Structures are given as C-alpha cells and as structure tokens.
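Small disclaimer: the values here were computed from a predicted structure and weren't measured. Within every chain, numbering begins at 1; the chains are lettered A, B, ... in the order of the sequence lines, protein sequences first and strands thereafter.
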Number of protein chains: 4
Amino acid sequence: MSPRNIERDLQVREARINQILNSAIETIAIKGIGSVSINDIAAAANVSIGNVYHYFKSKDEIFAEILRRGQTDYGQHVASLAGSEGNAREKLSLLCESWLAIDNNWAYTILIHTARLSDASSEETRRAVTSRFTNNLEPVAAIMEQGQREGLLVGGSPLELAYYFVSLIQGLTLQRMPGNEVPIRARAESIVALFTVDR
Amino acid sequence: MSPRNIERDLQVREARINQILNSAIETIAIKGIGSVSINDIAAAANVSIGNVYHYFKSKDEIFAEILRRGQTDYGQHVASLAGSEGNAREKLSLLCESWLAIDNNWAYTILIHTARLSDASSEETRRAVTSRFTNNLEPVAAIMEQGQREGLLVGGSPLELAYYFVSLIQGLTLQRMPGNEVPIRARAESIVALFTVDR
Amino acid sequence: MSPRNIERDLQVREARINQILNSAIETIAIKGIGSVSINDIAAAANVSIGNVYHYFKSKDEIFAEILRRGQTDYGQHVASLAGSEGNAREKLSLLCESWLAIDNNWAYTILIHTARLSDASSEETRRAVTSRFTNNLEPVAAIMEQGQREGLLVGGSPLELAYYFVSLIQGLTLQRMPGNEVPIRARAESIVALFTVDR
Amino acid sequence: MSPRNIERDLQVREARINQILNSAIETIAIKGIGSVSINDIAAAANVSIGNVYHYFKSKDEIFAEILRRGQTDYGQHVASLAGSEGNAREKLSLLCESWLAIDNNWAYTILIHTARLSDASSEETRRAVTSRFTNNLEPVAAIMEQGQREGLLVGGSPLELAYYFVSLIQGLTLQRMPGNEVPIRARAESIVALFTVDR
DNA sequence: TATGAATGAGGCTTCATTCAT
DNA sequence: AATGAATGAAGCCTCATTCAT
C-alpha cells in the first residue's frame, strides 16, 4: 500500500515534535510567556506556521505538552532521587542544585502558573497540571520523611514541608527570569539548611 | 452644589484613579494577566475606555501603577513592621500571616513577574519593579538580623535569608491562584519555624 | 456625565449598522456567500474591519442579522398582503411579482439555506431561520385558503400549497444567481396559473 | 496473483475514483459545501490527501466531477423516462417521486448553485453546469408537451413549465437539508396535480 | 500508486490606542 | 471630564496544493 518507510516516518515525526517543543521552551525563555507567538515558535524551530499546526492542534496544546513533558521528567527525576542511595540531606541538596542549575526552569514555572489561570488554557490542561504538581510533591515528601527518620531534617508534616520546599524553589526560580537583576544568588547549601535540624 | 475648586477636582481625580486601579486588580484576578484588556478594566470600573485613557497613558502605565502602589504599600507595611516593637519571630509571623490573608496577592505576584519579562513592559517599568523588590528585601533582612542577634533565627547572610523568605512566600502565593486545588494549606507557624533556631 | 448627544449617538449607531448590513447583502450578491469575507464586507461598507466587529460579534452574527431582517421584512410584507383587499389570485400575483422584481432575493435564499447547514452557523441561528421560514408560510397559506373559498385556487391543504408556492419561488430565485444564464424568464402570470382553478 | 494489465489498472483507477466521489458527496451532505475540505474528503474515502490529488487536479475538479456525474445521470434518467411508455402524468409522477426519494439531492442542488457562483469555481465549470441544467430541461419539456397533446397537463410554453417544475422540485429539495425541520412533507401526487388539467 | 509532511497565503478576530463630540 | 466609535496591526488558525519518498 504505502511506499514509505513507516517506522522512519514515525521517527521523523517524533524528531520534529521534539524540535518544535525544545525550541519553543527556549523561545519562551527569551520572549516570555505572554509575548511568545506561534510565529516565534515556528521561526525558532525552523518550520513553517502551518507545519506547527500539523503537529499540534493549538498553541495551548503546545504549552500543555511542554508542561506534560517538563513535569513528567521532573517527576521521574525526583522519584529516582527519592529512591536512590544516600541520606535525605544529600538528596535535598542534589534536588536543589539540579533546579538551580537549569536556566530554563523559570519558564516552566511561569508556564505552570500561567496554564492554571482561567482563560489561559482549557479546564483539562489546568487539571492535569495541578494534578501532576501535586503528585510530584510525593517523592519530595518521602525525602522529608526519610530525613526526619534519620534525624537530619526538621519535623512537621512531610507533605507540608515538601510543599514549602517546592514553593521556595519555584519562588527563587521566578527571580531568575530574564531582565531580572536581583543581586543575590541562591545557594543550595543555605536553602537545604532551612530544612536541616543540626545547627 | 459645592463650587468646583482645584482641590475638589483633585479629589475626584484621585477617587476615579483609585476606582479604576482597584477594580483592575480584581479583574486581573479573574481574567488573568495575559487576557485582561483595557475593555475589561474599563467595564469593571464602570467607566468608558476613553476615560481610562484620560487618567492613564497606556495599559502598561496601569500595570505599572498597580505595581508601584502594591509594592510601596507592602514596603511601608514591612518597614513599619521591622521598626516596631517585638521580637523577630513575632514579626516574621505577622508578615507571613498578612501575606497569606490577602486573597489578591497571587495577582500582584504574577504581575510582578510578568512585568519583568522583556516584552511585557517598558525597560523603565521593569527596572522600577525590580528595584522596589530589592529595596523591600531590606526590612525583611533587618528582621532576620534582629532575629539572629536575639538568637531566635537561623544564621547566614540576613539579606540572603530575606530573599529565601520572600521567595517562599511568593511561591506559596502562586499556588493560590484561581482554579488551583493543591490540597495543602500553608500555615504561618510552620513557615516561620523553618527560619527559627530553637527546635 | 456624558457630553455627547446620546440620542444622536444611537441614530448614528443604527445608521452604521444599516450601512454595514445593506452593503453586505449587496456584496454577497456579487461575491457569493461562500467567498465573501469580513474584509469584503468592511470594504463595501467603507468601514474598517475593526469597526465591523464593533457592531457585530462575528461573521455569523452578520449573516444571522441579515436573515432576521430579510425574513421579518418579508413576513410583514406577506402578512400585510394577506390581510389586504383583493382576491387571492391578485394577491398571489403581487407576491410573485414582488419576489421576481428584487434582484437580491437569490442571495437571501442561498443565505437561508446556507445558514441552515450544520457547520455554517450556530444551532441557534439555524433554529431561528427555520422557525421564521415556517411562520412566514402562514400568510401564504391564508391566501391559499381565501382562494379556495373564492373558488379561484386549486384544492388541497393550504399550508402544503403555500409550501409548494414558496419552494417554487425560491427554486426560481436560485436560477437567477450571477453567472447564471438560463435562457428562460419566469413570469408571475404563468406561475400563479399553476395554482389557479379556472382554465 | 492476477497479473497486472492495463485493463485491470483502469478498473482499479475507476474504482478508486468512485470511492472518492461517492464518499465526497456524503461528506458534503454532512459538513456542508462551504466547510468541506480536501482533508475531509480524503478521510471519508479512507485515502491519503496526496492520493486524492493523484486522481483529481483540484478540489474544484472534484466538485465539477460530482456535478457532471450527478447531472448526467439525472439527464439520462429523465431522458429515458421521457422516451418510455406511459402518459405524461405518470411520467411526471415518477420523476417527482424519484427526486423526493433520494436523500442526497439537496447536496447536489446546493452544489449546483454554489458552483455557479462567480468565485466558487472556474468559468468553465460554471458554464458546464448551467449548460447541462438547461439541457436537462428538454426531456421534462418533452413530457410537458406530451401531456398537453394528451390533454392531461396545463397549457403554456412547455420549456417554461419544465423550468417551473424543476425549480419547484429543487426548492423543495433544499427544504430537506440536514437540520431542517419544516413540518410539512412534499407529496408527489399534489405536486403533479399543479401541472394537471383535470380538476 | 500511495503517503503525509511541508508551505504560506488568507481568513477571522482581538485589542491598544486615538479622536471627534 | 466623559464617551464610545473608529482604526489597523498583529495574532491564531485553516486549507488547497506541492513534493520527496
């Protein structure tokens, strides 16, 4: 029937989708969420506008997919961290450092919050984002609990602590948006210290 | 009735400006930063579009003015708190509680970050926002320093601690946007505990 | 409050709406339903695109309003005809002639049928169009009934006859679209003869 | 299995073309003339877009071919009817019933009229459609003439009567578009009665 | 013959801003 | 001071058509 190599087609398709999403997140990092247009995204991906719409139904779908991937990847990262060898303080440090090391994170963070806003995206997208956010707290809470058992981290509800930790990280991340010149550097060590018991 | 004089005119003007700005922040809280239009703002203030432009040069100026007022009010609040009687832990608690009590805060917070994005507003607005943000850290840093002197709060650079505190508060605030159903409540007590030494 | 003449404003508004709608129906008559764009409509009305949207929510609303007016006007026309002096055959003749005399009618007719098509307009528009169409059959049916009482018109269900009459008129109207060169002229006399008993 | 030869290739080609055209008319019946896209047509025919273009030069050609076949088939039908045994009234009844029986007819009818509109199709297509329409009137006119000779049908120019008959049928057909709920059923008997002399 | 990725012009719609009254 | 009509640029999205495989 088809004189085309289906498997190769799928690979190309996947590659193109990645290409669009990856350059989109970069473009957002430069232009900012509110100003980024499909035009920008297409240009950054070296692809025509029409072709972007060949792979995505709408701008919202692009945002939603970026978020899905970002949150899923982060979830896997933090879950594997929670399940790995080492004490809770070390894990928290690693988590902290990996966040602070990624330049793009502010874009994900702003995207997460923007996507939640009423008109900015569909009800479904919002639900999915919030649900993943909540799920991703679990491994952090597990680390908190481990730290409490080890006597390394401060007491209190582990989930609540995780909530504070993630909020702090996200709050810091937002300070790193382009154009922002707050003359203070966040240091993983000091942040983890807030949650550490021995001092 | 009362003859128009300059003073009364200014009062009316001021009242109208307040009316527009106050309903604007509410409208932003509902529509979302990115979707709100001058039309929405005018309608919410029960004022014509043209009249909005009579009081403000541009949409950016409205945003900028909301931010200026919000940040200035907050700055005065936190400065007076820093200068007031009481120990640092109590002050931090009050600061925390006052933030968590205000429903609109997420809108200010998102507005602050949006306004900083390159294309979203003028260079001048961005500089002003960031500058006020940095200035407003000072009183918090002063409270941190006081707390360290009192032996109540954890050690480290007071400014850096203030930075973390504010970031945490802002991060939490963002979780309270409409449509958000994170099933965890932030409690001032637990937050302050992170910065407290006696445990 | 307002230094504008409200009444005059309303008059201007009404005039502008008429101007847009009237030139729109003309433009449709030239360009054809399927090809007419908001751009065409705006240009024909000597008005900017944005201003068209100041008066109408969407292209569909323009179509819907044209239809509402066209069907309402026709309904009043035919109702007043049905209630007027004269025998049924004369009334039918007048009705026929007035339809055949109006050059634009094909556009209304195509518009009526296009508006009924699933994707072409909203459920609400479609219902309204069909409902008005059905209502407008009544006066024609009344004429048929009068004609039967007078012994001038053929027998059968008056409503059904009205349905045939209107369908015939519409079918003929469609033959008169631009680009159409069917070398036959419809004549009111012959059409009415089909519904006449004495021959 | 069976060796490919030219004849078989042609058969396959013809089969594919039929498959596309048949599902296209169905799709038009659902989506509506103005909204149907090549994509819809390809999907309905279970064929790729590219393959549609392998068999047809353009969307206009598909429409034109549907019309050519529809009008030609109808022409043959009505011509054979005109040449068959039986009196004119019976022939008119059969013609009427066969039209009313076919669910798709409204789509053809709308298509015929749409295709005639200036911008909707090429000059050539329009000429062909109108020409076939006019030609197809001849057999109907012949039936009218026969009926007049037989003393069964009303007097007047046979071609003009044929024109009215077909317009009436088409007008009725349009009332049967999807979404249409005109609560009146057309009955062949009553329609033919309008053209019948004995009453 | 068959596929579907790719293109880009064009259509609809929104919105900040201006201006006559 | 107040109104809202008017403008037009810009954004989102669709779709007929082409082309490499």
Side-chain angles (χ1 to χ4, degrees), chain A residues 1-6 8-10 12-13 15-17 35-42 46-62, chain B residues 4 9 12-13 16 35-43 46-62, chain C residues 1-6 8-10 12-13 15-17 35-42 46-62, chain D residues 4 9 12-13 16 35-43 46-62:
Chain A
M1 213 57 166
S2 162
R4 293 257 281 271
N5 183 334
I6 292 181
R8 193 183 141 70
D9 274 11
L10 281 177
V12 169
R13 187 180 175 84
R16 192 65 92 227
I17 287 176
S35 332
V36 83
S37 72
I38 283 283
N39 228 319
D40 297 328
I41 290 172
N46 242 324
V47 148
S48 71
I49 294 175
N51 208 18
V52 171
Y53 280 93
H54 185 69
Y55 291 105
F56 299 96
K57 267 204 296 290
S58 67
K59 202 176 149 184
D60 183 50
E61 197 182 88
I62 295 177
Chain B
R4 278 205 174 181
D9 276 9
V12 168
R13 184 179 177 85
R16 192 68 92 224
S35 325
V36 84
S37 71
I38 283 281
N39 229 318
D40 296 327
I41 290 172
N46 246 323
V47 148
S48 71
I49 297 176
N51 211 13
V52 171
Y53 275 92
H54 184 71
Y55 292 106
F56 299 97
K57 260 205 306 288
S58 68
K59 199 177 152 183
D60 186 49
E61 197 182 87
I62 294 176
Chain C
M1 213 54 168
S2 163
R4 292 257 280 272
N5 182 334
I6 293 183
R8 194 183 139 70
D9 274 12
L10 281 177
V12 169
R13 186 180 175 84
R16 192 66 91 226
I17 287 177
S35 331
V36 83
S37 71
I38 284 283
N39 228 319
D40 297 330
I41 291 172
N46 243 323
V47 148
S48 73
I49 294 176
N51 209 18
V52 172
Y53 278 94
H54 184 69
Y55 291 105
F56 299 96
K57 267 205 296 291
S58 68
K59 201 177 152 183
D60 184 51
E61 197 181 88
I62 294 176
Chain D
R4 279 208 174 179
D9 277 8
V12 168
R13 183 180 177 83
R16 191 69 90 225
S35 327
V36 83
S37 72
I38 283 281
N39 228 319
D40 296 328
I41 291 171
N46 244 324
V47 149
S48 71
I49 296 175
N51 211 13
V52 171
Y53 275 92
H54 185 72
Y55 292 107
F56 299 95
K57 260 205 305 287
S58 67
K59 197 178 154 185
D60 185 50
E61 197 182 86
I62 294 176

Open item on the list: As a check on the pairing definition, encode DNA chain F in dot-bracket form, counting Watson-Crick and G-U wobble pairs whose two distances are under 3.5 Å, and using | for partners outside this strand.
Closed with: .||||||||||||||||||||
Task: Touch class at under 4.0 angstrom, heavy-atom based, for A/R16 against every strand present - done: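 Sugar-phosphate, no base atom in range.
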TODO: Report which part of the nucleic acid D/Y55 touches: base, sugar-phosphate, or nothing (heavy-atom distance under 4.0 Å, all strands).
DONE: sugar-phosphate
What's the [atom1]-[atom2] distance between [X] and [N], to the nearest Å?
X     : N     : atom1 : atom2 : value
C/N5  : F/dA2 : CG    : P     : 19 Å
B/D9  : F/dA2 : CG    : C1'   : 14 Å
C/H54 : F/dG4 : NE2   : P     : 9 Å
C/F56 : F/dA5 : CZ    : P     : 12 Å
A/R8  : E/dG4 : CZ    : P     : 15 Å

Open item on the list: Does anything in residues 47-58 of chain C form a salt bridge (Lys or Arg N to Asp or Glu O under 4.0 Å)? List the pairs, not counting sequence neighbours.
Closed with: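 Sorted pair list: C/K57-C/E61.
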Task: C/N39: side chain to side chain contact (heavy atoms under 4.5 Å, CB included) partners, not counting sequence neighbours - done: C/S37, C/I49
Task: Residue list, side chain to side chain contact (heavy atoms under 4.5 Å, CB included) with A/S48, at least two apart or on another chain - done: A/N51
TODO: Look at A/R13 and E/dA5 and indicate whether a side-chain polar atom (N or O) is within less than 4.0 Å of OP1 or OP2.
DONE: yes
TODO: Produce a footprint string for nucleotides 12-18 of chain F: one letter per nucleotide, 5' end first; B if the base is under 4.0 Å from any protein heavy atom, S if only the sugar-phosphate is, - if neither.
DONE: SBBBSBB
Open item on the list: Using heavy-atom distances to pick each residue's nearest nucleotide on DNA chain E, tell me which of B/D40 and D/V47 is more 5'.
Closed with: D/V47
- [ ] Please step through side chain to side chain contact (heavy atoms under 4.5 Å, CB included) for the pair A/I17 and A/F56, ending with a clear verdict.
- [x] CA-CA 9 Å; A/I17 287 176; A/F56 299 96; 3.8 Å; yes
Task: Atom of C/V36, atom of C/K59 and distance for their closest heavy-atom approach - done: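 What the structure gives for the nearest pair is O-NZ, 3.0 Å.
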